[in-house]
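Single-structure report; data block below.
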Amino acid sequence: MKTMIITGASRGIGAATALLAAANGFAVIVNYRQNEAAAAAVARHIRAAGGQAETVQADVSREDDVLRLFAETDRLFGRPDVLVNNAGILERQMRLEDMDVLRLNRIFAANITGQFICAREAVKRMSLKHGGRGGNIVNVSSVAARTGSPNEYLDYAASKAAIDALTIGLSKEVAGEGIRVNAVRPGFIYTDIHADGGEAGRVDRLKDSIPMRRGGRAEEVAEAILWLSTDRSSYSTGIFVDVSGGR
Ligand code: NAD
């Protein structure tokens, strides 16, 4: 059985990915930062359906937590085959003039430092060079990496553009070591992240800017993540799959 670590999997896109991956035969590590009860519910749901799942607490922006997340995975399921770098945050909408450095540091720590250190620990375990059996890394970027999110989330968009550069560069760095590195770019997806960003109804407000005239569902993003996590995408690395209704 292959093992998948999904960061930030207690809700939203991460939880949808955990359920879909488990239904497709992966043993899943449901990482969460704070919401232990929600993560436990995801794992329970998977086990009730006959799948395998364990929860592991870790703040991905903290190196010591990430080291523990991977050590726990090694102990529970052995070397991971897939890392889904999904955890990410938004903060309240504002213009650049109002953004302080503490906020910028929080956004970059969660969204990009977290993906870097998780990817590093995954490569150490997956690389054929280090005695691993290869694997897949799927980074969750955003359409915002290209649109820039003016007037609301410049910081978030910049962190997502950094994820794109990580995806391209790392995909080339480890292509000869049995590891593929790809990304999904969700558009406007109905999850609680928008409430955290200060506007729960944001997806509906922006619906008319989406060619398909509707927001996306977390499950639709999970399908793209699953494709990039399996041999069904075996000749693709360094690519971006937009799940954005044509945006
Ligand atoms: P969400 O808020 O429901 O999920 C994000 C999860 O990440 C949460 O469970 C949160 O607790 C966790 N998390 C945040 N910081 C963490 C940290 N430091 N350590 C561990 N976990 C942490 O939102 P979502 O929409 O499911 O977001 C998932 C990913 O999709 C994010 O990277 C987000 O930026 C990206 N995304 C979402 C949308 C959208 O419209 N919903 C669009 C583009 C990209």
Side-chain angles (χ1 to χ4, degrees), residues 5-20 29-42 55-66 68-70 83-91 93 105-118 138-149 152-153 155-164 166-167 183-207 209-210 214-222 224-225 240-245 247:
I5 298 174
I6 308 166
T7 65
S10 62
R11 69 181 202 185
I13 293 168
T17 304
L19 296 174
L20 184 67
I29 295 289
V30 179
N31 160 252
Y32 67 98
R33 183 181 44 174
Q34 280 169 331
N35 198 340
E36 185 175 3
V42 173
T55 61
V56 180
Q57 190 283 331
D59 177 338
V60 297
S61 66
R62 295 178 53 98
E63 185 169 28
D64 48 349
D65 278 22
V66 172
R68 189 170 42 71
L69 167 63
F70 279 81
L83 164 67
V84 180
N85 258 331
N86 166 75
I89 56 169
L90 271 183
E91 293 201 10
Q93 296 163 339
N105 288 345
R106 281 193 301 272
I107 300 272
F108 278 87
N111 293 5
I112 184 67
T113 305
Q115 291 210 7
F116 256 90
I117 51 185
C118 287
V138 183
N139 296 329
V140 180
S141 173
S142 170
V143 164
R146 280 181 288 121
T147 62
S149 292
E152 39 178 28
Y153 309 120
D155 46 4
Y156 172 86
S159 73
K160 292 295 179 179
I163 289 169
D164 290 4
L166 167 66
T167 304
V184 294
R185 282 193 189 121
F188 296 130
I189 311 298
Y190 288 105
T191 70
D192 292 333
I193 202 169
H194 301 287
D196 291 352
E199 190 190 357
R202 181 167 176 256
V203 177
D204 282 328
R205 174 172 63 85
L206 296 169
K207 241 177 11 200
S209 68
I210 305 168
R214 67 170 179 89
R217 291 180 290 107
E219 292 75 16
E220 294 177 297
V221 183
I225 293 173
F240 298 85
V241 177
D242 284 20
V243 186
S244 61
R247 214 169 147 253

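In each ligand, atom 1 is the first atom listed, and ligand 1 is the first ligand listed.
- For ligand 1, one of its N or O atoms has an N or O atom of N86 under 3.5 Å away.
- Protein heavy atom nearest atom 3 (O) of ligand 1, with residue, atom name and distance: R11 NE, 2.8 Å.
- Shortest contact from atom 39 (C) of ligand 1 to any protein heavy atom: H194 NE2, 3.5 Å.
- Numbered from 1 in the order shown, with element, the atoms of ligand 1 that lie under 4.0 Å from a heavy atom of D59 read 17 (C), 18 (N), 19 (N).
- Among the atoms of V60, some N or O lies under 3.5 angstrom from an N or O of ligand 1.
- At least one heavy atom of N31 sits less than 4.0 Å from an atom of ligand 1.
- The nearest non-hydrogen atom to atom 5 (C) of ligand 1, considering only G88, G215, G12, comes from G88.
- For ligand 1 and G187, the ligand atoms under 4.0 Å from any heavy atom of the residue are 38 (C), 39 (C), 40 (O), 42 (C), 43 (C).
- Contact check for Q57 versus Q34: no side-chain heavy atoms found under the 4.5 Å cut-off.
- With ligand atoms numbered from 1 in the order given, ligand 1 contributes 40 (O) to contacts under 4.0 Å with heavy atoms of F188.
- Nearest non-hydrogen protein atom to atom 25 (O) of ligand 1 is T191 OG1, 2.6 Å.
- Counting non-hydrogen atoms of other residues, nucleotides and ligands closer than 6.0 Å to CZ of R62 gives a total of 12 or fewer.
- The number of heavy-atom neighbours closer than 6.0 Å to CD of E219, taken from other residues, nucleotides and ligands shown, is above 12.
- Polar contact check, S142 against ligand 1: no nitrogen or oxygen pair lies under 3.5 Å apart.
- Heavy-atom minimum distance, A9 versus V42: O-CG2, 3.8 Å.
- In this structure, the side chains of S61 and F108 stay at 4.5 Å or more apart for every pair of heavy atoms.
- At least one heavy atom of K160 sits less than 4.0 Å from an atom of ligand 1.
- Look at G216 and you'll find every heavy atom at least 4.0 Å from all atoms of ligand 1.
- In this structure, V140 and P186 have side chains that are in contact, with non-hydrogen atoms separated by less than 4.5 Å.
- Considering both main-chain and side-chain atoms, I13 comes within under 3.5 Å of ligand 1 through a nitrogen or oxygen pair.
- In this structure, A109 does not count as a contact residue of ligand 1, since none of its heavy atoms falls inside 4.0 Å of the ligand.
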Trace of the side chain to side chain donor-acceptor pair (under 3.5 Å) decision for E199 with Q93
CA-CA 8 Å; E199 190 190 357; Q93 296 163 339; 2.9 Å; yes
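- Residue contacts with ligand 1 include S141, since one or more of its heavy atoms lies under 4.0 Å from the ligand.
- For ligand 1, the atoms sitting less than 4.0 Å from at least one non-hydrogen atom of V140 are 29 (C), 30 (O), 35 (C), numbered in the order shown with element in parentheses.
- An N or O contact shorter than 3.5 Å is missing between D192 and ligand 1 by distance.
- Nearest protein neighbour of atom 21 (N) of ligand 1, counting heavy atoms only, is A87 CB, 3.5 Å.
- Contact analysis leaves Q34 out of contact with ligand 1, as no non-hydrogen atom separation drops below 4.0 angstrom.
- In this structure, OH on Y156 lies 12.5 Å from CD on E91, to the nearest 0.5 angstrom.
- Looking at I89 next to ligand 1, no N or O pair under 3.5 Å apart turns up.
- For ligand 1, the polar-atom distance check finds no N/O of Y32 at less than 3.5 Å from any of the ligand's N/O atoms.
- Legend: residues meeting salt bridge (Lys or Arg N to Asp or Glu O under 4.0 Å) with R202, ordered by chain and number and at least two apart, are E152.
- Partners of A145 under the side chain to side chain contact (heavy atoms under 4.5 Å, CB included) rule, at least two apart in sequence or in another chain, are S141, K160, A161, D164.
- Between R217 and I189, the closest side-chain pair of non-hydrogen atoms is not below 4.5 Å.
- In terms of polar-atom proximity, I189 is counted as a contact of ligand 1, with an N or O under 3.5 Å from an N or O of the ligand.
- Nearest heavy atoms, C118 versus V60: SG-CG1, 3.9 Å.
- Using a 4.0 Å cut-off between charged side-chain N and carboxylate O, R185 and D242 make a salt bridge.
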Stepwise side chain to side chain contact (heavy atoms under 4.5 Å, CB included) test for I5 and F70
CA-CA 9 Å; I5 298 174; F70 279 81; 3.5 Å; yes
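- Classification of E220 and R214 as a salt-bridged pair holds, one side-chain N sitting under 4.0 Å from a carboxylate O.
- Atoms of ligand 1 found under 4.0 Å from any heavy atom of A58, numbered from 1 in the order shown, are 19 (N), 20 (C).
- Contact annotation: Y156 has at least one heavy atom less than 4.0 Å from an atom of ligand 1.
- Heavy-atom distances between S10 and ligand 1 reach below 4.0 Å in at least one pair.
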